[in-house]
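Beneath this line is the structure, given in structure tokens, with notes to follow.
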Amino acid sequence: VQLQASGGGLVQAGGSLRLSCAASGRTFGYVMGWFRQAPGKEREFVAAISWSGDYTYYADSVKGRFTISRDNAAKNTVYLQMNSLKSEDTAVYYCAASSSYGSVVPSAYHSWGQGTLVTVSS
């Protein structure tokens with residue numbers, strides 16, 4: 001599966017952004033996730049969604065502010081709606097695909113997009 005992330009940019013603290021991840025190739029049955037990596041830090045889990053879209057899970061740091069969703073039927077796209085953004089959300093955001101539900105470690109994800117930069121100014 002090939003993944004293409006987009007939607008990053010510069011936003012003020014308290015603002016919103018929506019990231020998109022367009023998938024092509026074999027995507028049936030895959031869990032889709034978002035990770036982020038800030039300068040000098042390790043890549044960390046943000047959110048993931050099951051193939052059906054019925055199950056989602058989030059890192060505690062974004063719970064209640066971010067929402068992950070997916071459109072399998074038409075666009076084969078995963079979204080990350082980010083609200084109430086904070087300066088600590090500044091990072092490169094990556095989308096990824098996994099065959100295993102419930103994992104929050106990067107090694108469980110076998111396909112990765114190129115990343116999109118989100119910068120939150122305070």
Side-chain angles (χ1 to χ4, degrees):
V1 59
Q2 292 76 47
L3 304 174
Q4 180 77 30
S6 62
L10 174 64
V11 63
Q12 287 190 331
S16 298
L17 277 177
R18 188 176 81 155
L19 306 183
S20 299
C21 177
S24 59
R26 180 188 179 278
T27 61
F28 181 81
Y30 285 161
V31 171
M32 295 297 296
W34 286 95
F35 287 75
R36 66 187 181 186
Q37 188 165 17
K41 295 189 177 181
E42 293 188 351
R43 193 167 297 189
E44 66 173 1
F45 172 78
V46 175
I49 187 168
S50 63
W51 162 252
S52 65
D54 291 339
Y55 302 99
T56 58
Y57 48 108
Y58 299 89
D60 288 343
S61 58
V62 306
K63 204 170 292 183
R65 300 187 298 121
F66 291 10
T67 302
I68 189 171
S69 60
R70 68 190 298 169
D71 179 351
N72 291 336
K75 300 181 179 179
N76 217 14
T77 301
V78 178
Y79 304 97
L80 185 69
Q81 177 66 43
M82 306 185 295
N83 298 329
S84 302
L85 283 161
K86 306 175 181 180
S87 57
E88 51 262 45
D89 295 318
T90 295
V92 176
Y93 283 72
Y94 299 88
C95 59
S98 175
S99 301
S100 304
Y101 179 76
S103 180
V104 300
V105 296
S107 59
Y109 289 74
H110 52 72
S111 299
W112 291 83
Q114 85 289 2
T116 185
L117 176 63
V118 173
T119 304
V120 183
S121 63
S122 57

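Predicted model only: the values in this text are computed from it and were never measured. Worth knowing before you read on, the calculation uses all heavy atoms, side chains too, and leaves out hydrogens, waters and symmetry mates.
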Would you call Thr119 and Val11 a side-chain contact if the rule is heavy atoms closer than 4.5 Å? no

Val78 vs Trp34 side-chain heavy atoms within contact, under 4.5 Å:
yes

Worksheet item: Does some side-chain heavy atom of Leu19 sit less than 4.5 Å from a side-chain heavy atom of Gln81?
Response: no

- Report whether Leu17 and Phe66 are members of the same hydrophobic cluster (ILVMFWY, side-chain heavy atoms less than 4.5 Å apart, transitive linking). yes

So the side-chain hydrogen bond (donor to acceptor under 3.5 Å, both in side chains) pairs with at least one residue in residues 4-16 (sequence neighbours excluded) are Ser16-Asn83

- Task: Give a yes or no on whether Val46 and Val118 share a hydrophobic cluster (residues Ile, Leu, Val, Met, Phe, Trp, Tyr; joining criterion: side-chain heavy atoms under 4.5 Å apart).
- Result: yes

Rounded to the nearest 0.5 Å, the OG atom of Ser122 sits from the CG atom of Leu85 at a distance of 12.5 Å

All heavy atoms of Ser69 vs all of Ile49, minimum pair found to be CA-CD1, 3.6 Å

If only atom types and distance count, is the side chain of Thr90 paired as donor or acceptor with the main-chain N or O of Val120 below 3.5 Å? yes

So salt bridge (charged side-chain N to carboxylate O under 4.0 Å, His left out) across residues 29-45, not counting sequence neighbours, yields Arg36-Glu44, Arg36-Asp89

Separation between SG (Cys21) and CD (Gln114), nearest 0.5 Å, reads 8.5 Å

- Item | Student check: side-chain heavy atoms of Gln2 and Ser111 closer than 4.5 Å | no

Is it true that Trp112 and Leu117 fall in one hydrophobic cluster, defined by side-chain heavy atoms closer than 4.5 Å? yes

Backbone of Ala108 reached by a side-chain donor or acceptor of Ser98 within 3.5 Å:
yes

#### Entry: side chain to side chain donor-acceptor pair (under 3.5 Å) evaluation trace for Thr77 with Asp71
CA-CA 5 Å; Thr77 301; Asp71 179 351; over 6 Å; no

The reported gap from CG in Leu3 to OG in Ser24 (rounded to nearest 0.5 angstrom) is 7.5 Å

- Item | Flag side-chain contact, heavy atom, 4.5 Å: Phe45 against Val62 | no

With a 4.5 Å cut-off on side-chain heavy atoms, are Met82 and Arg18 touching?
no

Between Phe35 and Tyr94, is the ring centroid distance below 6.0 Å?
no

Under a side-chain separation threshold of 4.5 Å, the hydrophobic residues clustered together with Phe28 are Trp51

OG1 (Thr56) and CZ (Arg70) are apart, to the nearest 0.5 Å, by 12.0 Å

**Asked** Does any N or O in the side chain of Tyr109 come within less than 3.5 Å of the main-chain N or O of Ser99, such that one atom is a donor and the other an acceptor?
**Response** no

Between Ala97 and Val1, the two heavy atoms sitting closest are CB-CG1, 4.0 Å

Exercise. Below 4.5 Å, heavy atoms only, C-beta onward: do Tyr58 and Ile68 meet side chain to side chain?
Worked result: yes

Honestly curious: do Val31 and Val104 fall in one hydrophobic cluster under the side-chain, below-4.5 Å linking rule?
yes

(message) For the aromatic rings, using the six-membered ring if either is Trp, is the centroid distance between Tyr30 and Tyr101 under 6.0 Å?
(response) no

